[in-house]
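Every chain is numbered from 1 and lettered A, B, ... according to where its sequence line falls, protein lines coming before strand lines. Because the structure is a prediction, the values reported are computed rather than measured.
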Amino acid sequence: MPRLMDLGISSVSENLSEMGNMAQRSLQIALDSYFQNNRSRKKVFELNEKLRSLEDEVGDIATEIVARYQPVAKDLRFIRASMEIAYIFWRFGRYSYDIIDTVDELHTGLDCNKTAVMEMSSFVLKAMELSLLSLRTRDETIVEKLYELDSTVDTLYRKYLRGTINANNKDDWKVHSRCDICNILILRYLERISDHACYLGDCVSYLVTGLSSPRR
Amino acid sequence: MNSATLKDDHQERRKKLSNLLLSKKKPMDRAFFGIVLGAAGYTLFLVALIVYAVGDGSTEIFSYEGLEFFTGTDWNAVYGREAFGALPYIIGTLVTAGIAMVIGVPVSIGIAVFLSEISPPRISTPLSFVIELLAAVPSIVYGLWALFVFRFWIVDLIEKPLYNAFGDWIPFFGKTPFGLDVFTAGIVLSIMIIPIISAISRELLKAVPDTQREAAYSLGATRWETLRIAVFPYVKSGLFGAAFLGLGRAVGETILVTMVIGNAVGVNAIPTSLFSQSQTLASVIANEFNEAASSLHLSALIGLGVVLLMLTMAINIGGMLLLSRMVKVSPGVRE
Amino acid sequence: MSRTLKGPEEELSPTLQVSKVSESVEIERPTEVKDIPPAKLSIRNLEAWFGTKRALKGINLDVRENSITAFIGPSGCGKTTLIRCLNRMHEMTPGASAKGQAILDGMDMYDAKVDPVTIKRRIGMVFQKPNPFPTMSIYDNVAAGLKLNGIKDKKLIDDIVRESLEGAVLWEEVKNELNKPGMGLSGGQQQRLCIARALAMQPEILLMDEPTSALDPIASSKIEELVHGMKKDLTVVIVTHNMQQAARVSDYTAFMYLGELIEYGDTKQIFENPRMELTERYISGKFG
Amino acid sequence: MEKIQQEKANLKYQLQNTMERKSSRKRKINKLVTILCIICVGLAIVPLGSILFEVIKNGVSALSVEFLTQRPGSMISGRGGIGPAIQGTLITVGIASIIAAPVGIFAGIYLAEFAGNGPLPHAVRFFNDVLTGLPSIVLGIVGYIVIVLVIGSFSVWAGSFALSIIMIPIVVRVTEESLKVVPNSIREAGYSLGIPKWKITLHITLKTAFSGVLTGIVIGISRIAGETAPLIMTILGTSLFFTGFDDPVDALPLRIWRLASQPYDSAHAQGWAAALILILIVLLFSVTLRLLAARKGFKVRVIRYSNV
């Protein structure tokens with residue numbers, strides 16, 4: 001017999017999986033717009049707004065469940081984790097919007113060197129994919145892979161940052177600046193997304209085992 | 001006072017108290033148990049004493065008459081012509097008690113039904129009190145009233161019309177009525193046992209869970225159908241038990257019967273019609289006990305007591321068994 | 001995870017953020033930090049029977065001093081039987097028996113030499129339904145235990161009655177009507193009167209057998225607050241069928257099922273992360 | 001689908017039709033039963049009314065101080081009184097209750113608080129019920145054999161003993177039932193305070209059941225105060241005031257009986273008056289004790305023991 005609480009929990013679940021899809025899509029669109037230089041800012045903005053309202057909704061339902069049914073054990077952990085996860089998804093959307101915003105503001109054309117972003121985005125997309133998979137399957141072991149990816153991403157970011165600073169002497173600062181600023185900002189956002197993917201993995205780990213990630 | 005000293009205080013008091021409390025011994029518990037056990041034992045002793053006393057007192061008559069005592073119809077205490085047969089009195093007892101039951105039981109159950117099912121509480125509460133009052137009236141007062149008042153009502157309102165109508169051709173209503181007879185005795189007895197039976201019946205009916213009634217009412221049953229379907233099956237054996245207890249009282253009642261039954265002796269005490277004079281076991285004892293001149297006569301009276309004892313015991317035990325069976329029926333389970 | 005920070009202006013550096021999360025994780029698991037108080041009452045292999053039916057199967061458990069221990073479990077799991085074994089009340093039921101050890105400050109109360117009456121004087125009990133003595137006034141109810149145990153010092157009794165009523169947070173409500181019958185109080189007040197009556201004996205442990213099950217929520221929460229406040233002087237063991245109540249009020253929780261102790265631990269752990277599947281299923285309402 | 005619904009509607013219509021036809025008959029039967037029950041109540045009320053009316057009407061005229069205090073005089077003259085009878089009833093019933101009340105209460109305590117379900121309590125309960133049902137005249141015979149024959153005289157002792165046998169089972173039964181109504185939680189509260197059992201029983205349980213126990217005693221006393229038959233062969237009756245516990249004594253029921261068997265109207269009038277006094281004594285007594293019980297505040301619901 002389903003408990004009343006289960007209705008709320010399943011609607012939180014649905015929201016979360018929808019949010020996951022939307023977050024993934026908005027990052028994809030943002031990156032595409034950078035690579036192909038099409039203007040999809042409005043679409044990402046809409047997705048971002050949607051994510052924020054869904055995050056609110058998850059928060060509302062979770063609070064209601066806590067107040068009404070006083071969940072314990074797995075339910076309690078799920079509620080706690082779901083609020084965090086919804087926030088993470090919203091962050092995903094937010095960073096995607098930041099990326100597309102940056103692209104828009106700086107008007108980078110097709111002339112910039114996009115290899116660094118291309119290289120890193122493949123890792124970040126992978127991380128995001130994995131984190132969503134771990135949530136779907138409740139597989140807390142994936143968090144290990146996420147941390148691996150994250151450290152790769154961190155290394156890449158630092159490497160590129162240092163490379164850019166060192167490569168730009170005072171003479172040709174102006175020539176490359178627009179592309180460099182754009183790249184660095186995007187890389188920075190990607191790095192944050194990767195971090196949040198790790199947090200998502202932590203949440204799943206807490207959800208399943210009741211323990212926080214051993215790394216922490 | 002801060003919490004630390006409060007706690008110290010608490011500890012100190014606890015120590016002081018526990019010294020006071022823990023030093024107490026408890027030999028009184030055993031003594032008390034002895035007292036209550038003794039009291040309970042005394043009731044058993046009484047039963048044994050009763051059996052012994054009447055057994056001892058009646059040996060003389062049983063060795064004189066043997067089983068004839070139960071079947072003989074002669075009753076003569078004159079020296080040299082002694083004959084003691086209890087049969088007429090046994091019959092007299094059963095007939096009067098029977099009349100009392102035929103009238104008393106239905107009326108009692110009717111009253112119980114009225115009190116517990118029909119009347120609103122503001123009527124049934126004082127009415128129950130009145131019925132209980134009826135139970136509290138001493139039987140000697142019933143006797144007085146029956147002898148000086150009720151007897152004449154019976155004669156004028158019931159016996160004479162019946163006699164005039166049927167007396168010539170139905171022996172059952174034969175014999176000129178003048179009020180001191182088994183019929184009057186039976187009716188007065190029934191008045192006396194009505195409060196007893198109706199009080200028990202009312203308690204029984206009250207004990208039927210309301211859910212039983214509500215179930216029947218919710219199916220659209222009338223009050224009568226509810227009683228028939230939901231209430232009576234539940235209390236049937238209990239009502240029988242109540243009737244039996246009433247019968248026990250009717251059989252054992254002495255003074256009331258003595259005053260209105262006419263006090264016939266020997267063969268004459270066998271009632272041939274509703275309006276015959278008769279005697280019951282108890283009334284013979286009451287009438288003759290203080291006049292018994294010989295020890296054999298006394299023993300014969302005690303022998304009547306033995307018969308009465310056995311009769312009432314059988315009836316009461318039967319009633320108790322029926323009542324207890326009713327109580328044991330678990331709620332919700334009907335026969 | 002108490003973090004609800006939002007918006008870019010509150011973005012923190014990655015390192016800071018990680019440490020923040022780990023902070024909240026610290027708060028989550030206090031057992032590692034908290035000292036475990038010493039055992040006041042150690043139950044060892046305690047078994048209880050009703051006739052030939054075994055109601056408790058070898059219970060082992062330590063009740064911690066100055067803490068509140070809650071017994072939870074579905075009806076008939078033996079939680080009430082267990083608590084009644086702890087002051088030897090269980091064997092008062094006809095046909096009931098118990099064996100094993102219950103060690104109170106080093107003394108086994110199931111030892112043959114121990115008088116059960118003295119155990120009851122050291123361990124108080126509060127029952128499911130408020131049961132003040134019906135013929136007695138409020139004052140007499142509280143004083144009954146002392147008077148009937150032969151204490152005659154009027155001054156001492158007066159002091160203890162007042163203190164106990166204060167301890168049960170009832171004094172202010174009844175101080176002007178101490179001579180009125182105890183039955184005249186409301187249900188919640190009656191229950192606090194019963195607590196005061198138990199406190200008057202200066203018990204070391206207070207056993208409470210579903211003390212709020214007959215009360216309305218407001219009265220229940222008063223009792224809960226009272227119980228919480230009592231643990232500075234007392235060790236409290238409480239049986240409850242209300243899991244939320246156990247979660248709110250207790251420090252330690254024992255989950256029982258079919259006469260066995262399934263899980264015993266820190267209340268927070270039991271309710272957030274039970275180790276046993278059965279506990280998890282029971283407390284999240286999937287059976288029971 | 002439609003067909004099934006049609007059938008259902010048909011069935012419903014038929015049912016309603018039948019029920020309506022039957023319901024008028026049902027209502028008639030119901031009314032008849034109600035009327036019969038009311039008649040039954042009337043049948044019980046009329047005698048009671050008549051008894052009270054006659055007792056008061058005939059009794060009041062014969063009442064006087066002289067009647068209440070003096071010894072019986074000559075039957076024909078209608079002089080004299082029932083002083084010895086009142087005195088004798090009070091003494092005999094008093095002694096009987098002094099014997100029966102403690103014995104009954106303690107035996108009731110045994111059954112309710114100590115006994116459980118063993119063979120001994122079973123026997124005590126059973127024989128107690130048997131005692132309840134015994135005809136009082138048989139108990140009179142027992143009193144005669146056990147005491148009158150032994151001490152060689154009709155006496156107060158014999159009468160009180162016989163009456164106490166009538167009263168004991170009543171008190172036992174009512175005490176047991178009243179104690180059983182006391183919720184067990186009250187006892188447990190006592191145990192949990194470490195109070196010894198005998199104190200719990202006397203100071204808490206019995207006190208709680210006090211009004212019930214008192215009711216039992218009242219019922220018992222009212223019952224034995226009106227008993228006549230066992231007194232015939234135990235206290236005999238006399239026209240003298242109390243002279244000693246080993247001597248015969250008079251009693252109201254006995255006096256009423258003797259007066260009623262006289263052929264004189266004046267004796268009958270005295271009989272009515274004595275009956276009035278008897279009823280008044282019983283009523284006064286039970287009202288007083290009940291008021292006393294009511295003052296105690298807490299009421300245990302006790303089944304009325306009109307049957308005992």
Do you know which two heavy atoms are closest between Asn273(C) and Thr209(A), and how far apart they sit? ND2-O, 3.2 Å
May I have all residue pairs that pass side chain to side chain donor-acceptor pair (under 3.5 Å) and include part of residues 133-143 of chain A, sequence neighbours excluded? Asp139(A)-Thr141(A)
For residues 205-224 of chain C, pull every pair meeting side chain to side chain donor-acceptor pair (under 3.5 Å), keeping only residues two or more places apart or in separate chains. Thr80(C)-Asp209(C), Gln128(C)-Glu210(C), Glu210(C)-His241(C), Thr212(C)-Gln245(C), Glu224(C)-Gln245(C), Glu224(C)-Arg248(C)
Ignoring hydrogens, what is the shortest heavy-atom contact between Gly285(C) and Arg3(A)? Give both atom names and the distance. O-CD, 3.7 Å
Is any side-chain heavy atom of Val72(A) less than 4.5 Å from a side-chain heavy atom of Glu272(C)? no
More than 12 heavy atoms of other residues, nucleotides or ligands under 6.0 Å from CD of Gln244(C): yes or no? yes
Within-4.5 Å side-chain heavy-atom neighbours: Pro274(C) and Lys74(A): no
Just checking Lys129(C): does its NZ atom have more than 12 heavy atoms from other residues, nucleotides or ligands closer to it than 6.0 angstrom? no
